[in-house]
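Lettering of chains follows the sequences in order, A, B, ..., and the numbering in each one begins at 1.
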Amino acid sequence: MSKIFEYVWLIPVLPLAGFLINGLGRKSLSRTLSGFIGTAVILASFIISLFIFFEVKEHGGQNVQLFNFIDVAGLHIDFAFKLDALSSLFLLIITGIGSLIHLYSTAYMHDEAPKDFAKYFSYLNLFIFSMLLLVMGSNFVIMFMGWEGVGLCSYLLIGFWFKNNSYNKAANKAFIMNRIGDLGFLLALFWLIAKVHSVDFDVVFSEAALKSLSTTDITGITLLLFLGATGKSAQIPLYTWLPDAMAGPTPVSALIHAATMVTAGIYMIARSNLLFSLAPYTQGVITVIGLATALLAASIATRQNDIKKVLAYSTVSQLGFMFLALGTGNYIAAVFHVLTHAFFKALMFLGSGSVIHAMGGEQDIRKMGGLHKHMKITSITFLIGCLAISGIPMFSGFFSKDQILLGVFEKNGGMIYGVALFAALLTAYYMFRLYFTTFTGSFRGTDEQQHHLHESPAAMTVPLIILAVLSIIGGYVGIPESLGGHHELAAFLSPVVKPMIVAEPTTFRIEYLLIGLSTCLIIVSVLLAWVYFRFRKFDQEPTGFAKVLQEKWYVDEIYDAVIVKPLGAISRFFNNVIEKKGIDGFVNGIGKAVNYGSRQMRLLQSGSVGSYVLMMVLGILVLLIVQLFYKG
Amino acid sequence: MNAIIITAVWGIVMMFSGVFIKSKTMPKYLAIAGLLLAFVLNCSEQVSEKVLFEIDPHGMFEFSAFGYMFNNIAFICTLLFFLLNGRDIEKVGSNVSEYFALLFFILCGVSIATSFSNLLMLFISIEIMSIPLYILTGSDKRNLKSNEAALKYFLMGVFSTGIMLMGIAFIYGGNANASFSISQINFGSTGGIPVLLAIGMVLLFIAMCFKVSAAPFHFWVPDVYDGAPTVFTSFMATIVKTAAFVAFIRLFKTSFGSGSVQPQWQLLVVIVTVATLLFGNITAVFQQSVKRMLAYSSIAQAGFMLFALFAVSEQGTNRSSMAYEAVLIYSAAYCLAGIGIFAILIRMNDYTVDGFNGLAKKQPLLAVTALIFLLSLTGIPLTAGFTGKFYMLMAAMHNGHFIWLIILAVLCTAVSAYYYFRIIQAMFFKAPSETAIQVQDITFSFKLLLAITSLLIILVGLFPELLLQWLFR
Amino acid sequence: MNLSEHITFPHLLICIPLIAGLMVFFAGKDSVAKACALLAALLTLAVSISSLFYKDNANLNGTAYTYEWLKYLGSSFSVTLDGMGRLLTFLTAVAFPVIFIATYKNTYKSANAFYGLMLLTQAGLMGVFTANDAMLFYFFWELALVPVYFLCSRWGGERRIQATFKFFVYTFAGSLLMLTGIIFIYLHTSPTTNLAHEIVSDHSFSWQAFASARLEASDQNWLFWLFFIAFAIKMPIFPFHTWQPDAYEQSPAPATMVLSGIMVKMGLFGVIKWLLPVLPLASAKYSSIAIVLSVTGMIYASCIAIVQDSLKRLVAYSSIAHIGLMCAAVFSKSEIGMQGVMVQMFNHGINIIGLWIVIELIEKQLGVKKISELGGVAHKAPVLTILLVIIALANIALPLTNAFVGEFMMFTGLYHFNGWITAIAGLSIILAAVYTLNMIKNVFLGEANPVTSMIKDISLNEKLILIVVVLFIFVIGVYPQPMLDMAKDTVKVIMSKW
Amino acid sequence: MNVTQILFWFLSLLAVGSAIMVIVNRNPVHSILWLIVVFFAISGHYVLLNAQFLAVVNIIVYAGAIMVLFLFVVMLMNLNAASEPPMKNNLMRAAAIVSGLALMLVIIAAVKNSEQVNLQQQVASGGSAGLIKELGRLLFTKYVIPFEISSVLFLSAMIGAVVIAKKDESIVADA
Amino acid sequence: MEIKWYIGLAVALFCIGIVGVLTRRNAIIIFMCMELMLNAVNLLLVAFSKMHALANAAAPQIAGDAQIFVFFIMVVAAAEVSVGLAIIVMLYRNTHSVDVNFLNRLKN
């Protein structure tokens, strides 16, 4: 065992320490100090993670046992970490992007009071801690701890500005939606424990491989796990919380709601790829859900006017692509897309943060325009992000998305591929719609805003630049063989993640054809956006289908009518009718009945001797008859 | 035998003391002395089996540990009663020594009731207990309620005597042994009950039900208890009633057959028990006057005591010793608590529940002792009342027959909490009314005695076997 | 005679509060009463903690004691500290000092009576959790009830008399039913023998005798309901729960804490120790009904909690939901579930007491009970808010808090019984999040209104207490194993009898 | 039909008839007189049954002493048909008669139905048990204790009469 | 004469007494009806004693028990009468009525 693994516990503990220091000392710490502590602990974790990464790369993974969490008859759960290719890669993404965003935040959140500033960093650190727990856990329970922990931090950070009640509502919505998914996750765990008496990844997967789980079990478990993933990774039907989650500070959106937390579902499924590969039915479901989510979110994104909402729907859509990849069994492509998406989406969120910062909090792109003149670094890095996400060749997104589409084509054929491609085209269209409306043309905001426009400070631009670079080169770890690469990522992940198995691999020729086709179409979409939105004035409300899109297909309203309202009605019915009138009424009714009986019975006590004697005689009669004539 | 003689003689002594002693307080002390004497002699007879006068009872009596124990309980409770309520007896009217004489005669009747073994003695003991009570009930001559109660009690009492005698006559007629001895009743060999015996026993049963105030023969109870001077209600509702019960169970055990005959009475017992439990408990709920409520509650308590009969009527294993134990403990518990709560009630100015409002603030000790008495009547653990109920249920329950009856009984106990706790609520949780004096004549010795009574209740509640030890000797 | 043989941990746990309680009654000054009560509670806590470390299983000296009490009946004053007993006496011992300190600033009229009754309640609870004799168990069962009744009725809210009386009669009726059952079982036990193997009495009240009573299946069937209803009322389980919200709402804060934190555990304790091993056949037969009732109650109570506008009622209903899960897990007949119940009994006690402390603080300061009249408390009282959020989240079983451990294991146990039931029960996880978060949102977050802007943040002693609570939450949440080990022996015994 | 039987029927009819007259007569004095007739008839039965002592005692104690006492009280209160309270209302009266008859029918039916009772058991005259000598011996041997104890009864009755009947200083009306 | 006739006669007298108790409102008459009931009992006892005496021809003095019983019933009845009439007189002095229907201060 390499020495470095002995220190692995430091990776989560450092952010935890940061959380505690910032949280407990929030009243006494200055902004600089808390910002420094918050960032430094993550950076330290990142450095250790780097060592781990290279260690894993050289010598393979390792399990690190800390202590017994639960040890009772029939169930043994270790508090242990699993460090292998997959988790070490995620460690890097989390701590790496995490440190950048921490750095960015020191500037972005500078207007907050020192107390709130420290609170912000403590939450952020707590989030990193939870996320690390999620990816490092060596069994489903530890993973679940992180899983719920990130949900909690997401809740706390969305509601960071808790004076605003709509933010609080968004926070609640996020948490509750996540909890619905979590229930699925939990049920899967119970099912697992009932069947294999363990939640340890190694045990579960080997048991599954040994066929000690029936097909029903595996399908059920994987479907439930996938339900958990839809919650955390914002898939149909549980995606609606993510756009609302944009209520939180922008760096939070970048870190949690784009780069890391929302990819937890993909991580979990990739981690359990052995299990999911055994459940073709579940894979079919995942494919459909992923594709539908990608398409739906993309369609909504084309008509959103809030800069962060567009990015949010784009995230949902991209997550859909990842699930599409998972559904086709192309786990490596999914993880690859997680990696590249983390770079460019974080970049774009941070860029949008920079824009919002400059606009003094304004988020409506209809009030922007021509910002390129004022904030060149932001604009250029944002453009790089857009190019990457659209899948323009040579940018990172191109490689990952292309592999996903190829996998779809190989597994599900042309039709599905066509739909997926259409979603990809929509991506390019709305991203450039966003870019053109924001950065080109003329400014549409107020004069005061215009006067205030400025490039952001270095603490914000440096992360942008780093991320922009990563967005460009990030794809080169996974150049497919058709393009002359070796797909380093696939090789690295191979001990953990099975590569996609296809009966008849497509030839390179068809691959080239597909790449060419998609690239051409994407460029056409970009041009379309350019034509439409370069000088667009937003002076009329959309109608018809556009309206439906702008109103997000009315999904929120439907949920409200189908779930929230009935739940309230049922609750009130329980409370007012069953509880008060029914059960309590019954209980009190007994009391009332006794009282009533008392009032009636005492009338027998009429005060007259005659009636008393008559009662006695009747009593004598009854008892005599019973004794003498009743033969029971 | 000692108990019977001493109480009778002391009754006469008390009677004459009225002639020679003019002091109004003196008879009380004399009575206490007599009671102590009776207690000591009864104990010594129980321990050494020595009697003052060697008399051949000719089969009229049969003394048993059970009877002695009950006498002891009755004497101790009466002692407490005299100590607590002596002054109140003096207040009832001008014939103080006569009241004490009558009380002693009643005790004589009680002593006979615990040891009779002949229907004639049963009849005489019941009458000796009843006739003085008619008088005591009417002793508050200026009070029309007292007059009314006395007449009602008298008329109904004589009526029930008629029923009882008719029953005895039929039993005699149906008894091939031609005897009045309770242990020599010949049921023949058919396994059934001869009709004449059956008629007689039902009638006798009903008359005894009347005396222990079992429904539907209880109607005299609320009116009489309500109308009688409270101090005598206390005596009548506790000691006399339990004594009648002891007589009842003695009779039921010995002369209502044995073996397979006994269970044939079970249905009768069940009907009466159910009626009594329901009637007593439910009617008590609505009462506003505490005195009347206690009257109804005494019916309810009788319902619980009827389980002893039920236990006796169970076939198979020997339930009767258990039933006797249960009756003893229940009687002790009920008498102590009853005397205690009545003693407090007597000193209240207002007999309604509202009269108790805020007593805890003004007289904490009184309220706490009242609390213990009421808890005991309800049957909360740590008090004798619980132990009594516990033994009673234990005696009654053996093989799950009529389990619904027992469940009904415990549910009725829950109902009883309703009316007993109304007083507790008034005492502890309601504000006292500003007007006038709530209680009167609260002396230190009164409080001390109340405390002793409550301690006795708790002692019996914790260590009931101290009482029973005599039986197991 | 060796004195140490007669002074054992259970003795001390019962006697210290008992004697102190009786003494406090006669304390002249309120402050003296308060201080004495606190001192006694701390002393009990010390004894309880040392009992946790006293694990000499081979030799039961120090943890078990038997004194012949009712010889002819075969009942003895028999007390033991088994695993579950340790756990619950520890909970009781922790809870009382916590309650006393948290409410130390409150002044109660005739404080001597108040604190005396509190300590008597503690003694009763300790007795229930250590009794090894059915008669004794019933004794303490009622003894714990009566002082609480007085506490609630005397010092409670404006509708206190009716509300607590309903509670009293309800519980009393239940326990009388249980008494009937106890007597019946007693009459079917084997004879008690003394050390020389002579028969002392025909039957016995000891737990061992009860657990090996010769009961027909048909008798067990109706006996089960007698016991179950008694315990279900105490817990409370749907539909026997309607006394609870009223009682919690109307009781004074310390009594509410005792009621919800510890007394409801009496019901669970009763089921585990006095129902399952004694009536195994019927328990197996009716477990599904019990579970369905419990799960129905979980969903039902959670739904009602969503629409409550009173903080106290909200917590009351949430408690019904949580207890429902525990009850369901108890009946699921799985060792994991049972283990989960063991820790969860402790955790739920700690968590809900913490919640009540916060609610009491808010209500005491603002005099407002309705959620709709609150809001924005976090501005003026951030520490309070943070602590509450932690406790509330622990209450909805967030991982790394104590309740997660318990609930996870309980659900696992329940899953062994039936997957679909588990899924339905699981809905309560979501509903719990809904009402808890709504409560946090409406009370603590948002803009402050004129009422809530008056609030002050918590003072040192309250902070201290809540931090203790939070420490319990995290320590058990992260490292529950010692807690699990503690009750292992009881679980083994119970599962083997069932 | 021999003489005994004729006497039996005569006395029985006399007793029942007079008893009915007791309860239907509105004048209390007449009721008392009819009751005395019943007692005489019963004494006649006692003679038929060879219970001579009881027959005499019945006349002396009941018909003589007790009934005179009643008569005395009625006279004292000056009760007559005019001051007599009316019978209870019809419903109550009907209920009373029905239940009384029902009770009689139940007992008689029960007795009649059973084969265990030898209803033909003869009750003839003869024997000396009812003579005062036999009873006296019994009373002072076997029944000496009840005899003594019944003195307690009389004492209490005496005290009772004193306590209750002694006129008090003042009489308050309805309290 | 057969015993059944005596039973019939006694029961009839007894029930007439009961009917009287139930129908009359004058306390004295009610009391008298009760005396009638007691007399019915006495008659029945004597008849039974005779029956037993004849059944046990060997020991005819067995009949004495019941006759002594009757004697005691008379004794007790006498005592009751003195007390009962005293109570009635007391009530009459207070209310100037012997009507039991006026006795309804105590009820419910």
Undergrad: One thing to verify: whether B:Asp223 and B:Lys145 come together as a salt bridge, which I'm taking to mean a side-chain N less than 4.0 angstrom from a carboxylate O.
TA: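 Between B:Asp223 and B:Lys145 there is no salt bridge, as every charged N stays at least 4.0 Å from the carboxylate O atoms.
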
Undergrad: B:Phe154: what forms a ring-ring contact (aromatic ring centres under 6.0 Å, His included) with it, not counting sequence neighbours?
TA: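 In terms of ring-ring contact (aromatic ring centres under 6.0 Å, His included), with neighbours along the sequence ignored, B:Phe154 is linked to B:Tyr134, E:Phe31.
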
Undergrad: For residues B:Asp350 and B:Thr352, is any side-chain donor paired with an opposing acceptor at under 3.5 Å?
TA: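 Yes.
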
Undergrad: Among side-chain atoms of B:Tyr351 and B:Thr230, is any donor-acceptor pair under 3.5 angstrom?
TA: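 Note: B:Tyr351 and B:Thr230 side chains meet the donor-acceptor criterion.
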
Undergrad: Tell me, side chain or backbone of B:Ile128 under 4.5 Å from chain D's heavy atoms, or both, or neither?
TA: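 B:Ile128 touches chain D through backbone and side-chain heavy atoms alike.
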
Undergrad: Please classify the contact of B:Asn147 with chain D as side chain, backbone, both or neither, using a heavy-atom distance under 4.5 Å.
TA: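 For B:Asn147, neither part sits under 4.5 Å from chain D.
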
Undergrad: Measuring only between side-chain heavy atoms, which start at C-beta, is B:Leu119 closer than 4.5 Å to B:Ile182?
TA: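 Touching, per the 4.5 Å side-chain cut-off.
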
Undergrad: Check whether any side-chain heavy atom of B:Phe235 sits under 4.5 Å from a side-chain heavy atom of B:Leu103, and report yes or no.
TA: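 When only atoms from C-beta onward are counted, B:Leu103 and B:Phe235 do touch, with a gap below 4.5 Å.
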
Undergrad: Can you see whether B:Lys152 engages B:Thr137 through a side-chain donor-acceptor pair at a distance of less than 3.5 angstrom?
TA: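 The answer is no; no qualifying pair exists.
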
Undergrad: How about B:Phe61 and B:Phe116: are their ring centres within less than 6.0 Å of each other?
TA: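 Ring-ring flag for B:Phe61/B:Phe116: false, centres at least 6.0 Å apart.
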
Undergrad: So which bits of residues 9-17 of chain D come within less than 4.5 Å of chain B, counting non-hydrogen atoms only?
TA: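 Counting heavy atoms that sit under 4.5 Å from chain B, no residue of residues 9-17 of chain D is involved.
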
Undergrad: If you apply the rule side-chain contact (heavy atoms from CB on, under 4.5 Å), what do you find for B:Phe16 with B:Ile12, and how did you get there?
TA: CA-CA 6 Å; B:Phe16 282 104; B:Ile12 298 164; 3.5 Å; yes

Undergrad: Determine which residues belonging to residues 139-152 of chain D lie within contact range of chain B, meaning some heavy atom pair is under 4.5 Å apart, and list them by number or answer 'none'.
TA: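 The residues closer than 4.5 Å to chain B, in numerical order, are D:Thr141, D:Lys142, D:Tyr143, D:Ile145, D:Pro146, D:Ile149, D:Val152.
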
Undergrad: Let me know if B:Leu136 has heavy atoms under 4.5 Å from chain D in its side chain, its backbone, both or neither.
TA: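 Neither the backbone nor the side chain of B:Leu136 comes within 4.5 Å of chain D.
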
Undergrad: How about B:Ile199 and D:Val111: do any of their side-chain heavy atoms sit closer than 4.5 Å?
TA: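 They are in contact (side-chain heavy atoms under 4.5 Å apart), so the answer is yes.
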
Undergrad: Heavy-atom distances under 4.5 Å only: say whether B:Ile55 touches chain D with side chain, backbone, both or neither.
TA: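 Side chain only.
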
Undergrad: Could you list all the side chain to side chain donor-acceptor pair (under 3.5 Å) pairs where at least one residue sits in residues 97-115 of chain B, not counting sequence neighbours?
TA: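 Sorted pair list: B:Asn71-B:Thr114.
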
